[in-house]
Amino acid sequence: MGTKLSVLPDAGQQTWPLAARLSPAQRETPYADALRGFADAETLSLMVPGHGNDPSRGAAHLVEFFGEQVTRMDAPLMLEGIDLGENSPVEQARVLAAEAWGAKRTWFLTNGASQANRTAAIAVRGLGERVLIQRSMHSSFTDGVLLSGLIPAFVMPNVDVRHGIAHGLTPAVLNEALEREATAGRPVSSVYVVSPSYFGSTADVAGLAEVAHAHGAALIVDGAWGAHFGFHRELPESPVRLGADLVVSSTHKLAGSFTQSAMLHLGSGPLAAKLEPLVERAFSMTSSTSASGILMGSLDAARRALVLGDAQIGEAVAAAKQLRDLLRTDDRFDIISDHFDEFDDIVETDLLRVPIDISALGQSGHWVRSRVREQHGIYFEMSTATSVVAVIGALVKPDVERVMAALRAVADEAATMAPDPAVAGGFPELPAPGALVTAPREAYFSESELVNAEDAIGRVSVDTLAAYPPGIPNLLPGEEITADTVAFLRAVAASPTGYVRGAVDALVTQFRVAR
C-alpha cells in the first residue's frame, strides 16, 4: 500500500467494465484492511469506545447482537496505521473513492447525505451569499442555508401533477432563472439542483453545469439517490464526471455501504478549486470527532465492490428490467418511468428504481405498500396516493417472481374492495411561493408566536413546511404566508394520503410566525 494515485481518469473513455480504466489499487481496501488488522491484533484497549473492543471483557452485550468482529473493528479516530499520518489508510481509501467516482477529492461522511448537504451549503457561502435552489431540495440543504446565512432564490422543477412527483430542471429553465436573478441585481454564486429524483428521473447534469458556469456559479448536485451512477454501462454517468463542482452522494442508498454512511465529491475546474479549502473547513464543522470506523470501512468496501462488480451490477439491472417486463404483462399496473419522455427535463432513467402506478387497483399506494409488507414480508421504498417505488441495490439480485406474486395477490384483494375516492381525487395545484421578505436565518432565529391559519396570511413564516406529495417546500423561514399556500397545505393535510412535514399540528390549524 501507499501508492499515490491520479484521481482524474479520462471522462471521455467509455471502456467497460469501469475497473479496466482505473488503477489496479482499486482492488484494495486500505482502510477496511487497517480496521481488520486492528481487530485481529486483539489489543488491550484503554481508550474509547467504552466496550473496549473486547468481546469477552466489555462487549458481550454487543457480541450477542452483532457478533465479535464488529465490536473488534469499532476503532476510534486518531490511531497510527489507520487514520493518522501522511498517506494513511483512510486517506488512501478516500483517494481511491475519488478516482472511482471521477472526483478531484472525496470526503467520507458518517451522518449521511444530510451532512453533505449542510457541508456544501456552508462551503458555497464562501463564494458569495446568493444561491439559486431547485425548490424540491432536501430539508438538510435548507438547514445549511440557515446555518450559513445564504440568501436563496428558487426555481421550480418539472412536476408530474398526476402522481405528485417532482422531477428536475432543464438547462434552459436554469438559464432563465439565473438571468432573472442577474437582471434584478441579485446574481448568484452557486446553484443547487437535484438529480436523480426519488423516482429515478435524471436531469442533464452536463448541460446544467455548462449553464451555471457560464453565469459564474458553482453547481452543487444532490445526487443522493445516484451514488451508484457511473459504475455500469446501463446506468447514468457519475455527476462529478459531467462537470458538477460538488456532488452529494448517499452511498448507503443503492451503492451498498452501511446506513448513515455517505460521501461528498469535489469536481475539477476553477470554481471547484475555490471550493476545496471551503469544503475542508465546512467538513470540520459538520463532522463528528468520533466518526464511526465501521461506517467509513463500509464505504471503502462498497467502493471496491462497485468498481469490481460489473457483472453483479448487471444482474441487478437485469432483475429491474425483468420486474418491468412482468409488470407490463398485467394491465392492473403501469410503470411510471415508461412515460418519462413526456418531461423535457428527464434525459435518462435509473433502471434500479421501478416506480409502479397502482391507481388502476382503486386503492392508494400507501395501502398497497402496507399490504405487501404485512402479508408477504416485502418492503417497498416509498409510496404515494397512486404509486409504490421499488428500489434495487446496485449489488442486489432480488427474487422478482416473489415480488410479482405479492403484487398480484394484493391486486386480487383490491378487486374485492370498494374504490378509495382519495386515489382519484388528486391534489390541488401547487401554489406559488410567497415573497421572501426576510433573510431565512434572520426569520428562523426571530421571536415567534403561534397563530391560527386564517391569521397567518400575510405574516412571515419561521418554519419550513412541505406538503407530501410532492415534497416541495411550500414555506421557508422568511417567506410570506399566502392565502393560496394556507389553503393548499390544509387541503393536503386533510387528505387521507397526504401530510405536511414541519407543521405545528397534523391538520395545519396553526402556523409559527415572526412576532
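Remember, predicted model here, so these are calculated numbers, not experimental data.
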Flag the pair [X] / [Y] as yes when at least one side-chain heavy-atom distance between them is below 4.5 Å, and no otherwise.
X    : Y    : answer
L476 : M137 : yes
V248 : F141 : no
E234 : I313 : no
F258 : H252 : no
R105 : V279 : no
L299 : Y31  : no
L352 : V391 : no
V124 : Y192 : no

[X] side chain vs [Y] backbone, donor-acceptor pair below 3.5 Å:
X    : Y    : result
R512 : D463 : no
Q26  : L96  : yes
S298 : L295 : yes
D310 : W16  : no
D222 : A224 : yes
R353 : W225 : yes
N117 : G144 : no
Q312 : L395 : yes
R36  : M73  : no
S288 : S290 : yes

Going through the distances and angles, do I356 and L407 end up as a side chain to side chain contact (heavy atoms under 4.5 Å, CB included)?
CA-CA 10 Å; I356 307 167; L407 285 171; 4.1 Å; yes
Among side-chain atoms of [X] and [Y], is any donor-acceptor pair under 3.5 angstrom?
X    : Y    : value
D74  : H51  : yes
S359 : D357 : yes
T106 : H265 : yes
H366 : S364 : no
S387 : H163 : no
T286 : T119 : yes

Where [X] and [Y] come nearest, the two heavy atoms and their spacing:
X    : Y    : answer
V173 : V155 : CG1-CG2, 3.6 Å
M263 : L109 : C-CD1, 3.8 Å
T15  : R21  : O-NH1, 2.7 Å
R490 : L507 : NE-O, 3.7 Å
A302 : S257 : CB-N, 3.8 Å
P157 : A166 : CG-CB, 4.3 Å

For F154, is the NZ or CZ atom of R135 found under 6.0 angstrom from the centre of its six-membered ring and inside 45 degrees of the ring axis?
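Yes, R135 sits over the ring of F154.
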Residue [X] excluded, over 12 heavy atoms near [atom1] under 6.0 Å:
X    : atom1 : result
E176 : CD    : no
D399 : CG    : yes
R328 : CZ    : yes
E210 : CD    : no
M285 : CE    : no
E342 : CD    : yes
R373 : CZ    : yes

Could you walk me through whether L351 and R324 pass side chain to side chain contact (heavy atoms under 4.5 Å, CB included), step by step?
CA-CA 9 Å; L351 294 175; R324 282 177 164 83; 4.3 Å; yes
F283 vs W107 aromatic rings, parallel, tilted or perpendicular, using cut-offs 30° and 60°?
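Tilted, since the angle between the ring planes falls between 30° and 60°.
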Go through the steps to decide whether M404 and L323 satisfy the test side chain to side chain contact (heavy atoms under 4.5 Å, CB included), and finish with yes or no.
CA-CA 7 Å; M404 278 306 304; L323 178 56; 3.8 Å; yes
Atom pair [atom1]/[atom2] of [X] and [Y] - distance to nearest 0.5 Å:
X    : Y    : atom1 : atom2 : value
Q69  : I294 : CD    : CD1   : 9.5 Å
R233 : L18  : CZ    : CG    : 10.5 Å
L219 : L174 : CG    : CG    : 7.5 Å
R332 : L327 : CZ    : CG    : 11.0 Å
S197 : N158 : OG    : CG    : 11.0 Å
Q134 : L169 : CD    : CG    : 4.0 Å

Could K104 and D245 be called an ion pair, given the rule that one side-chain N must be under 4.0 Å from one carboxylate O?
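Result for this pair is no, no salt bridge flagged.
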The test is side chain to side chain contact (heavy atoms under 4.5 Å, CB included); show your working for T485 and E479 and say whether it passes.
CA-CA 11 Å; T485 297; E479 288 184 338; over 6 Å; no
Does the pair H339 and D334 meet the rule for a side-chain hydrogen bond (donor to acceptor under 3.5 Å, both in side chains), with working shown?
CA-CA 10 Å; H339 309 285; D334 192 16; 2.8 Å; yes
Ring centre gap for W101 and F231 strictly below 6.0 Å:
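For W101 and F231, the ring centres are under 6.0 Å apart.
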